[in-house]
Colleague: 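Just passing along the structure, written as structure tokens.
Just so it is clear, the structure is predicted and the values come from calculations on it, not from any experiment. In the text below, chain A, chain B and the rest are named by the order of the sequence lines, each starting its count at 1.
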Number of protein chains: 2
Amino acid sequence: MSSQNPKRAMFEHLAAVARALGSAHRLELLELLAQTERSVEELASLSGLTIANASQHLQQLRRFGLVEAHREGKRVIYRLADPELVVLLGALSRVTQRNVGAVEKVLNSYFRERDNLEPVSRKELLRRMRNGLVTLIDTRPNEEFAAGHLPGAINLPLGELKRRLRELPRDQQIVAYCRGPYCVLSYEAVAELRKRGFKAARLEDGYPEWRAAGLPVEQSANP
Amino acid sequence: MSSQNPKRAMFEHLAAVARALGSAHRLELLELLAQTERSVEELASLSGLTIANASQHLQQLRRFGLVEAHREGKRVIYRLADPELVVLLGALSRVTQRNVGAVEKVLNSYFRERDNLEPVSRKELLRRMRNGLVTLIDTRPNEEFAAGHLPGAINLPLGELKRRLRELPRDQQIVAYCRGPYCVLSYEAVAELRKRGFKAARLEDGYPEWRAAGLPVEQSANP
DNA sequence: CAAACAATCAATTAATCTCTTGAATCAAGG
DNA sequence: CCTTGATTCAAGAGATTAATTGATTGTTTG
């Protein structure tokens, strides 16, 4: 198993971890875990996998030290083992996006002119927040919002957007965020808001990246 | 091909890139290319691959946009397509490194109870050394050993371990060390030695920590 | 134009993953 | 202690990937 050459052994370790990331299902599980810790059943149903299959993927991730598990009563709760993983996934996204032409096409065709929806960076958002110049909306579902969100954000899941438009200011910049750079929700929210004449923009990345950057977060106080 | 769900399609792309990284050979090629651009033949010989095999790996990397190639006369020169790759590889190795130690421990605990692999602290090692009660082995490769090692240590890289067992005493405690708490080498050496009936233990940390603590070191005098 | 190189292609075998299925644990509640 | 619910384990069919071998395509040089 272990090669005689330590350098090769190191590459072998790196490759093993990369292979652990080399499955769309596992990446999806990691993204779900980047938001909050979850049980196997929850992960399976969110990702559309069977329980057994999800469990096996999770064990594989655990074998390579990417996630940790602990038991709570009947269920086993998984979580990311290392916040650095968010960085790794981000880098993977960036490399993929920058280099795979097909990916760009997929993105563009789905998100119609992405450039028009120019995103706001974390830094920029922080500046605007300090000046009170911005209304921040979180387009993720309630449970995820409750588990943690950006300070001062309003939870406005996509489905509720249309009937809660009156809660939003017409004169102020609105910034929407969700799970990360590839999360669809905030794109759609911004598109919808702009169509209605609001001044809206996306946050460049999402809640997991925000938290990973060590910026402050809030939690809702409902069990 | 692309599912109706763009999110899934995105994960599929990310996974494909991760899989492209999921091979020790390809990672080694990328590392070589991170230094400078190179021809196929050069890469093959540096990495110990056959030309055909190296070529195939390189094409795979190219298919996923990680490297670019252009022809110069008879030869085809490859280079990294994106400087961001260095960031990605860095993140990968940080995540791996943080977890390799833990993984090894888990693996080892399958075979022997953890307590048996209890590491020896620097202080403890110093006491045993003063009493001449210990044989100290350095499991790092020759070059690293030559650059500096603990006083009195024998250089015994993992690959040579099996055929040099006779150099080791059966009656005396053996302590193995390598690069630090996350270095795999000494774990494997200790596991191997114990399997063969030697009394072996790991040093809690490695050469860098020893030197950083201001303790005495030796250097080999061969160029 | 033929010979010599450098790299790629094509095809085969061996090895590794993936998903599914059904049985086996393990904890909590009656 | 038996049942239920949640998860893991074990085994097998099907698909993917890796390394090897030998032939093939371009490029330069005599």
Colleague: Output yes when at least one side-chain N/O atom of Arg26(A) is less than 4.0 Å from OP1 or OP2 of dT18(C), else no.
Modeller: yes

Colleague: Quick one: is Gln56(A) getting a side-chain N or O under 4.0 Å of the dC17(C) phosphate, OP1 or OP2?
Modeller: no

Colleague: Where the side chain of Val76(B) is concerned, which of dT8(D), dT8(C), dA6(C) is the nearest nucleotide?
Modeller: dT8(C)

Colleague: In Å and rounded to the nearest 0.5 Å, what is the OG to CG distance from Ser93(A) to Asp205(A)?
Modeller: 10.5 Å

Colleague: When the distance from CG of Asn53(B) to P of dT8(C) is rounded to whole Å, what number comes out?
Modeller: 12 Å

Colleague: Between dT16(C) atom C1' and Arg63(A) atom CZ, what is the distance in whole Å?
Modeller: 13 Å

Colleague: Ignoring the backbone of Val40(A), work out which of dT8(D), dA6(D), dT8(C) is nearest its side chain.
Modeller: dT8(D)

Colleague: Judged by each residue's nearest nucleotide on DNA chain C, which is more toward the 5′ side, Thr50(A) or Gly73(A)?
Modeller: Thr50(A)

Colleague: Verify the contact: side-chain N or O of His57(A) to OP1 or OP2 of dC17(C), cut-off strictly under 4.0 Å; return yes or no.
Modeller: no

Colleague: Check each of Leu27(B), Leu30(B), Leu49(B), Val40(B) against His57(B) using the side chain to side chain contact (heavy atoms under 4.5 Å, CB included) test, and report the only one that passes.
Modeller: Leu49(B)

Colleague: Starting from C1' on dA6(D), measure out to CD on Gln59(A) and report it in whole angstrom.
Modeller: 13 Å

Colleague: Just the rounded figure in Å: distance from P of dT16(D) to CD of Glu12(B).
Modeller: 11 Å

Colleague: What integer distance in Å separates Lys74(B):NZ from dT28(D):C1'?
Modeller: 5 Å

Colleague: Any luck finding a side-chain donor-acceptor pair between Tyr207(A) and Asp138(A) under 3.5 Å?
Modeller: no

Colleague: Take atom CD of Glu72(B) and atom C1' of dA6(C), then tell me their distance rounded to the nearest Å.
Modeller: 13 Å

Colleague: If the threshold is 4.0 Å, N to carboxylate O, is there a salt bridge linking Glu72(A) and Arg75(A)?
Modeller: no

Colleague: Are Arg19(B) and dT17(D) close enough that a side-chain N or O sits under 4.0 Å from OP1 or OP2?
Modeller: yes

Colleague: OP1, OP2 of dT8(D) versus side-chain N and O of Ser55(A): anything below 4.0 Å?
Modeller: yes

Colleague: Expressed as a whole number of angstroms, how long is the span from Leu43(B):CG to dT8(C):P?
Modeller: 10 Å

Colleague: Tell me which of Glu42(A) and Ala52(B) sits closer to the 5' end of DNA chain D, going by the nucleotide each one is nearest to.
Modeller: Glu42(A)

Colleague: State which residue, out of Arg79(A), Arg26(A), Gln59(A), Arg62(A), fulfils the side chain to side chain contact (heavy atoms under 4.5 Å, CB included) condition with Val67(A).
Modeller: Arg62(A)

Colleague: Contact class for Ala54(B) vs. all strands (heavy atom < 4.0 Å): base, sugar-phosphate, or nothing?
Modeller: nothing

Colleague: Starting at atom CG of Leu61(A), determine the distance to atom P of dC17(C), rounded to an integer number of angstrom.
Modeller: 14 Å

Colleague: Counting the atoms with a prime plus P, OP1 and OP2 as sugar-phosphate, which does Gln60(B) contact under 4.0 Å by heavy atoms, base, sugar-phosphate, or nothing?
Modeller: sugar-phosphate

Colleague: Could you tell me whether the phosphate oxygens of dA6(D), OP1 or OP2, come under 4.0 Å of any side-chain nitrogen or oxygen in Tyr78(A)?
Modeller: no

